[in-house]
Asks: 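This is the structure I have questions about; it appears just below.
Just so it is clear: chains get the letters A, B, ... in the order the sequence lines come, proteins before strands, and each one is counted from 1. Values reported hereafter were calculated over all heavy atoms of this structure, with side chains retained and with hydrogens, waters and symmetry mates removed.
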Amino acid sequence: MPNKVIIITGPTASGKTETALDVAEEIGAEIISCDSVQVYKGMDIGSAKPHVSERRGLRHHLMDVAEVSEHFNVQEYVLKARAAFDEIRARGKRVVVAGGSGFYLKAWFSAVTDEISVSEDIRAQCRRIEERGGAPALAEKLLSLDPDAGKFVDMMNPRRTFRAIERVMASGKKVSEILSEFKKLPCPMGEFERDLRIIDRPDSEMDPRIAERTRKMINSGLVDETRKLISQGILQNPSAKNSIGYRETIAWLSAGSQDEGALFSDIVKSTLSLAKKQRKYFKNSLTE
RNA sequence: GGUGGGGUAUCCAAGUGGCUAAAGGGCGCGGACUGUAAAUCCGUUCGGGUAACCGUUCGCCGGUUCGAAACCGGCCCCCACCA
């Protein structure tokens with residue numbers, strides 16, 4: 001199957017970027033990144049984005065496609081990645097998908113969003129409910145619209161409940177219907193053969209790799225990069241400002257920039273738990 | 001040497017007589033997740049047991065009490081200030 005799309009993923013710092021480059025180089029493929037942070041311009045050091053000089057002349061897509069001040073999400077990822085995917089294949093080249101953002105990666109396997117369009121008015125209503133009473137108020141609202149919703153939606157999670165209310169209000173359908181229709185949706189990237197490769201290493205290798213990479217990030221200017229991003233509006237973007245490395249640096253800067261050792265260990269700690277979380281996602285949501 | 005503060009589970013940290021195997025947080029572990037996903041949320045976290053329950057625990061030793069992490073005495077460490 002020489003046309004298979006090779007999908008390379010793995011926890012952060014496992015070495016998937018290198019592997020992807022090796023593989024892509026060997027088969028003359030272009031790379032579509034699957035990383036929710038590398039999509040942002042200027043988030044380079046902290047996201048371990050390979051510098052242009054490290055890309056071995058291979059074309060990379062879905063990197064630097066958004067401003068840090070603007071929100072990005074899976075929906076946009078799907079749109080842009082699909083466009084790049086079609087374009088590359090139209091040129092007769094092969095594709096390597098590489099990255100560790102689990103939810104984005106899922107889009108290469110199945111639907112991740114539905115087609116219900118939610119009006120700004122409905123969204124504003126939900127926001128008001130949340131502001132007034134938080135998760136309990138959202139749960140109450142959802143149950144008033146659909147008494148069975150509790151079976152399908154995590155009512156403790158305001159974000160999930162919020163989304164469910166929106167969809168129910170916009171479609172007039174019950175959660176169960178929305179869900180079963182969603183499950184029937186095709187993969188947004190289309191039909192193609194996949195070759196999923198999950199890169200991983202034992203903790204005994206991961207721990208020092210993460211420590212070393214974090215050290216390197218700080219030494220090569222993570223703090224300055226973060227300052228620049230702040231001036232470009234990263235603080236207005238909740239997903240970008242909460243990404244690992246930047247989140248800690250922002251906190252460290254606002255706490256007075258004392259004790260660089262603490263910054264280092266905070267980032268290492270967060271990165272370690274990210275790696276664990278990624279493994280779980282791959283295990284539970286990407287493989288059968 | 002003196003004065004004050006402190007020693008609680010893997011870490012930080014509440015708790016001043018029973019309802020305490022011991023609040024809360026972190027870490028770890030498990031799980032959920034359709035538009036913030038490197039996010040958000042849930043469960044679990046002394047040992048044994050499916051459980052009832054049993055065993056061991058709050059610096060150490062001893063005491064008071066029906067009963068102590070908590071009260072009393074002694075001792076050992078740590079921190080701050082004074083000398």
Asks: Nearest whole angstrom, please: distance from the C1' of C41(B) to the CZ of Arg160(A).
Replies: 8 Å

Asks: Measure the distance from NZ on Lys277(A) to P on U36(B) and round it to the nearest whole Å.
Replies: 13 Å

Asks: Scan residues 109-138 of chain A against RNA chain B and write down, sorted by residue number, each residue with any heavy atom closer than 4.0 Å; if none is found, say none.
Replies: Val112(A), Thr113(A), Asp114(A), Ile116(A)

Asks: For the C1' atoms, the ones on G25(B) and on G15(B), what distance do you get once it is rounded to whole angstrom?
Replies: 15 Å

Asks: According to the side chain to side chain donor-acceptor pair (under 3.5 Å) rule, which pairs have a member within residues 53-64 of chain A, sequence neighbours left out?
Replies: Glu18(A)-Arg56(A), Asp22(A)-Arg56(A), Glu25(A)-Arg56(A), Glu30(A)-His61(A), Lys49(A)-Asp64(A), His51(A)-Ser53(A)

Asks: Could you tell me which non-hydrogen atom of Ala81(A) sits nearest to which non-hydrogen atom of Leu62(A), and how far apart they are?
Replies: CA-CD2, 3.6 Å

Asks: C1' atom, C42(B) versus C46(B): distance in rounded Å?
Replies: 24 Å

Asks: What nucleotide among A38(B), U34(B), C33(B) has an atom nearest to a side-chain atom of Ser285(A)?
Replies: C33(B)

Asks: Would you classify Leu185(A) as touching base, sugar-phosphate or nothing, given that sugar-phosphate means primed atoms plus P, OP1 and OP2, and contacts are heavy atoms under 4.0 Å?
Replies: nothing

Asks: Can you tell me the base-pairing partner of U3(B)? Count Watson-Crick or G-U wobble geometry only, both distances below 3.5 Å, and say none if there is no partner.
Replies: A80(B)

Asks: Whole angstroms only, please: what is the CZ-P distance between Arg159(A) and U40(B)?
Replies: 6 Å

Asks: Determine the Euclidean distance between corresponding P atoms of G24(B) and C78(B); express it in Å to zero decimal places.
Replies: 33 Å

Asks: Considering only the P atoms, how many Å lie between C75(B) and A69(B), rounded to the nearest integer?
Replies: 23 Å

Asks: What is the distance, rounded to the nearest whole Å, between atom CZ of Phe103(A) and atom P of G35(B)?
Replies: 5 Å

Asks: All N/O contacts under 3.5 Å from nucleotides 25-29 of chain B to the protein, with atom names and distances to one decimal?
Replies:
from   : atom 1 : to        : atom 2 : distance (Å)
G28(B) : OP1    : Lys276(A) : NZ     : 3.1

Asks: Mapping Ser243(A) and Arg167(A) onto RNA chain B by nearest heavy atom, which one lands closer to the 5' end?
Replies: Arg167(A)

Asks: With a non-hydrogen cut-off below 4.0 angstrom, is Gly99(A) in contact with a base, only sugar-phosphate, or nothing?
Replies: nothing

Asks: Which residues in residues 205-242 of chain A have at least one heavy atom lying under 4.0 Å from any atom of RNA chain B?
Replies: Pro238(A), Ser239(A), Asn242(A)

Asks: When you compare C11(B) with C58(B), how far apart are their C1' atoms, in angstrom units rounded to a whole number?
Replies: 15 Å

Asks: Let me spell it out: for each of Ser101(A) and Glu76(A), pick the nucleotide of RNA chain B with the closest heavy atom. Which residue's pick is nearer the 5' end?
Replies: Glu76(A)

Asks: Between G59(B) and U8(B), how far apart are the two C1' atoms, rounded to whole Å?
Replies: 10 Å

Asks: List the residues meeting side-chain hydrogen bond (donor to acceptor under 3.5 Å, both in side chains) with Glu26(A), not counting sequence neighbours, and say none if there are none.
Replies: none

Asks: Give one of base, sugar-phosphate or nothing for Arg247(A), where a contact means two heavy atoms less than 4.0 Å apart.
Replies: sugar-phosphate

Asks: Name the nucleic acid region contacted by Tyr246(A), choosing base, sugar-phosphate or nothing; use a 4.0 angstrom heavy-atom cut-off, strictly under.
Replies: nothing

Asks: Write down the distance between CG (Leu286(A)) and P (A32(B)), rounded to a whole number of angstrom.
Replies: 13 Å

Asks: Same hydrophobic cluster for Ile31(A) and Met189(A), using side-chain heavy-atom links shorter than 4.5 Å among ILVMFWY?
Replies: no

Asks: Thr12(A) versus Ile244(A): any side-chain heavy-atom pair under 4.5 Å?
Replies: no

Asks: What's the closest nucleotide to the side chain of Arg163(A) if the choices are A38(B), G35(B), C33(B)?
Replies: G35(B)

Asks: Under 4.0 Å, counting only non-hydrogen atoms across every strand here, what does Tyr77(A) touch: a base, just sugar-phosphate, or nothing?
Replies: nothing

Asks: Counting only Watson-Crick pairs (N1-N3 plus N6-O4 or O6-N4) and G-U wobbles (N1-O2, O6-N3), all under 3.5 Å, who is the partner of A52(B)?
Replies: none

Asks: Flag the pair Val112(A) / Tyr77(A) as yes when at least one side-chain heavy-atom distance between them is below 4.5 Å, and no otherwise.
Replies: no

Asks: Find the partner of C29(B): check Watson-Crick (N1-N3 plus N6-O4 or O6-N4) and G-U wobble (N1-O2, O6-N3) distances, both under 3.5 Å, and reply none if neither fits.
Replies: G43(B)

Asks: In chain order, what residues pass the ring-ring contact (aromatic ring centres under 6.0 Å, His included) check against Phe182(A), with sequence neighbours excluded?
Replies: none

Asks: Which parts of residues 34-41 of chain A get close to RNA chain B, meaning a heavy atom less than 4.0 angstrom away?
Replies: Asp35(A), Ser36(A), Val37(A)

Asks: Could you let me know what A13(B) is paired to, Watson-Crick or G-U wobble, both distances under 3.5 Å, or none if it's on its own?
Replies: none

Asks: Could you say whether the aromatic ring of Phe182(A) and the base of U34(B) stack, counting only centre distances under 5.5 Å and plane angles under 30°?
Replies: yes

Asks: Could you tell me which nucleotide pairs with U20(B) by Watson-Crick or G-U wobble geometry, both distances under 3.5 Å, or answer none if nothing does?
Replies: none

Asks: Output all residues satisfying ring-ring contact (aromatic ring centres under 6.0 Å, His included) with Tyr40(A), sequence neighbours left out; order by chain, then residue number.
Replies: none

Asks: Whole-Å distance between C33(B) C1' and Phe282(A) CZ?
Replies: 15 Å

Asks: Quickly work out the Leu105(A) CG to A38(B) P distance and round it to whole Å.
Replies: 10 Å

Asks: Below 4.5 Å, heavy atoms only, C-beta onward: do Val175(A) and Leu142(A) meet side chain to side chain?
Replies: yes

Asks: Could you tell me how far apart Leu274(A) (CG) and A38(B) (C1') are, to the nearest whole angstrom?
Replies: 5 Å

Asks: Under 3.5 Å for both donor-acceptor distances, Watson-Crick or wobble: does G67(B) have a partner, and if so which one?
Replies: none

Asks: Could you please name the partner base of C75(B), counting Watson-Crick and G-U wobble pairs only when both distances are under 3.5 Å?
Replies: G59(B)

Asks: For the C1' atoms, the ones on G35(B) and on U40(B), what distance do you get once it is rounded to whole angstrom?
Replies: 13 Å

Asks: Side chains of Arg197(A) and Thr19(A): any donor to acceptor distance under 3.5 Å?
Replies: no

Asks: Taking Glu205(A) first and then Arg201(A), would you say they form a salt bridge - that is, a charged N and a carboxylate O separated by under 4.0 Å?
Replies: yes

Asks: Tell me, do Ile230(A) and Leu253(A) make a side-chain contact under 4.5 Å, heavy atoms counted?
Replies: yes

Asks: Run the side-chain hydrogen bond (donor to acceptor under 3.5 Å, both in side chains) test against Ser243(A) and tell me which residues pass, sequence neighbours left out.
Replies: none

Asks: Counting heavy atoms from C-beta on, name the nucleotide in G31(B), A38(B), C41(B) closest to the side chain of Asn284(A).
Replies: G31(B)

Asks: Please report the distance separating the P of C41(B) from the corresponding atom of A37(B), rounded so that it comes out in whole Å.
Replies: 14 Å

Asks: Could you tell me whether the side chain of Pro50(A) reaches within less than 4.5 Å of the side chain of Met63(A), counting heavy atoms only?
Replies: yes

Asks: Got a sec, which residues hit side-chain hydrogen bond (donor to acceptor under 3.5 Å, both in side chains) with Asn284(A), two or more places apart in sequence or on another chain?
Replies: none

Asks: Does anything in residues 97-106 of chain A pair up under side chain to side chain donor-acceptor pair (under 3.5 Å), and if so which pairs, sequence neighbours excluded?
Replies: Ser36(A)-Ser101(A)

Asks: At 4.0 Å (heavy atoms only), tell me whether Ser47(A) reaches a base, stays on the sugar-phosphate, or touches nothing.
Replies: base

Asks: Among residues at least two apart in sequence or on other chains, which ones pass side-chain hydrogen bond (donor to acceptor under 3.5 Å, both in side chains) with Glu248(A)?
Replies: Ser270(A)

